[in-house]
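To start, the structure under review is shown below, and the notes come after it.
Quick caveat, the model's predicted, so the values are computed rather than measured.
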Amino acid sequence: QVQLLESGGGLVQAGGSLRLSCAASERTFYTMGWFRQAPGKERDYVAAISWNGAITYYADSVKGRFTISRDNAKNTVYLQMNSLKPEDTAVYYCAAGRTIAELNRTPAYWGQGTQVTVSS
């Protein structure tokens, strides 16, 4: 049973940066990714990275601003968020799945979420 724990969320001004971390309870070869959900909106697939870091995915809305990475030695995946916008405000969830595509539909594990708030 893999447990995922997000951290790094908080309040930041528009244009600022945050770095989210997702620590797994044990080593994993899963594809890892990030989702977000804002109040009244559908959950969005934000970014994902394959187990070896060779393949990444970014939603168009964050491409060029966010960077996903992982450190398997630390069982941790990161989401570096730069040039943050108010529309990035959401609860961000870490998740694990078999592939980048399948992660979107059938995650194997979910974290509890961390709040990111971007003020104007």
* Rounded distance (nearest 0.5 Å) linking atom CG of Leu5 with atom CG of Asn75 -> 12.5 Å
* Measuring from Thr99:OG1 to Trp51:CH2, what's the distance to the nearest 0.5 Å? -> 14.5 Å
* Stacked cation flag Arg36 on Tyr92, 6.0 angstrom / 45 deg -> no
* Asked: Taking the side chain as C-beta and beyond, is there a heavy-atom pair between Ile49 and Arg70 under 4.5 Å?
  -> yes
* Are any of the side-chain heavy atoms of Leu20 and Ser7 separated by less than 4.5 Å? -> no
* Asked: Do other residues, nucleotides or ligands put more than 12 heavy atoms under 6.0 Å from the CD1 atom of Ile55?
  -> no
* To do: Only counting residues at least two apart or in another chain, list the ones meeting side-chain contact (heavy atoms from CB on, under 4.5 Å) with Ala73.
  => Asp71
* Residues which pass side-chain contact (heavy atoms from CB on, under 4.5 Å) with Ala59, listed by chain and number, not counting sequence neighbours -> Tyr57, Ser61, Val62
* Structure fact -> Correct closest heavy-atom pair for Ile100 and Ala48 would be CG1-CB, 4.0 Å
* Taking all non-hydrogen atoms of both residues into account, name the closest pair between Leu103 and Gly97 and its distance. => CD1-N, 3.3 Å
Pairs under 3.5 angstrom only: tabulate donor-acceptor contacts from the side chains of residues 79-87 to other protein residues two or more places apart or in another chain.
unit_1, atom_1, unit_2, atom_2, d
Gln80, NE2, Asn82, OD1, 3.0
Asn82, OD1, Ser17, OG, 2.8

* Is it possible for you to say whether Val12 and Val91 belong to one hydrophobic cluster, with membership spreading through side-chain heavy-atom contacts below 4.5 Å? => no
For a quick test of your reading: what N or O donor-acceptor pairs under 3.5 Å do the side chains of residues 21-34 make, sequence neighbours left out?
unit_1, atom_1, unit_2, atom_2, d
Ser25, OG, Gln3, N, 2.9
Thr28, OG1, Tyr30, N, 3.0
Thr31, OG1, Arg98, O, 3.4

* Would a line drawn from the ring center of Phe35 to the ring center of Tyr93 be shorter than 6.0 Å? -> no
Show every donor-acceptor pair shorter than 3.5 Å between a side-chain atom in residues 107-120 and any protein atom, with sequence neighbours excluded, or say none if there are none.
unit_1, atom_1, unit_2, atom_2, d
Thr114, OG1, Gly9, N, 3.3
Gln115, NE2, Ala90, O, 3.4
Gln115, NE2, Thr117, OG1, 3.3
Ser119, OG, Gln13, NE2, 3.0

* Does Arg65 have any side-chain hydrogen bond (donor to acceptor under 3.5 Å, both in side chains) partners at least two apart in sequence or in another chain, and if so, which? -> Asp88
* **N/O donor-acceptor pair under 3.5 Å between Asn52 side chain and Ala54 backbone** => yes
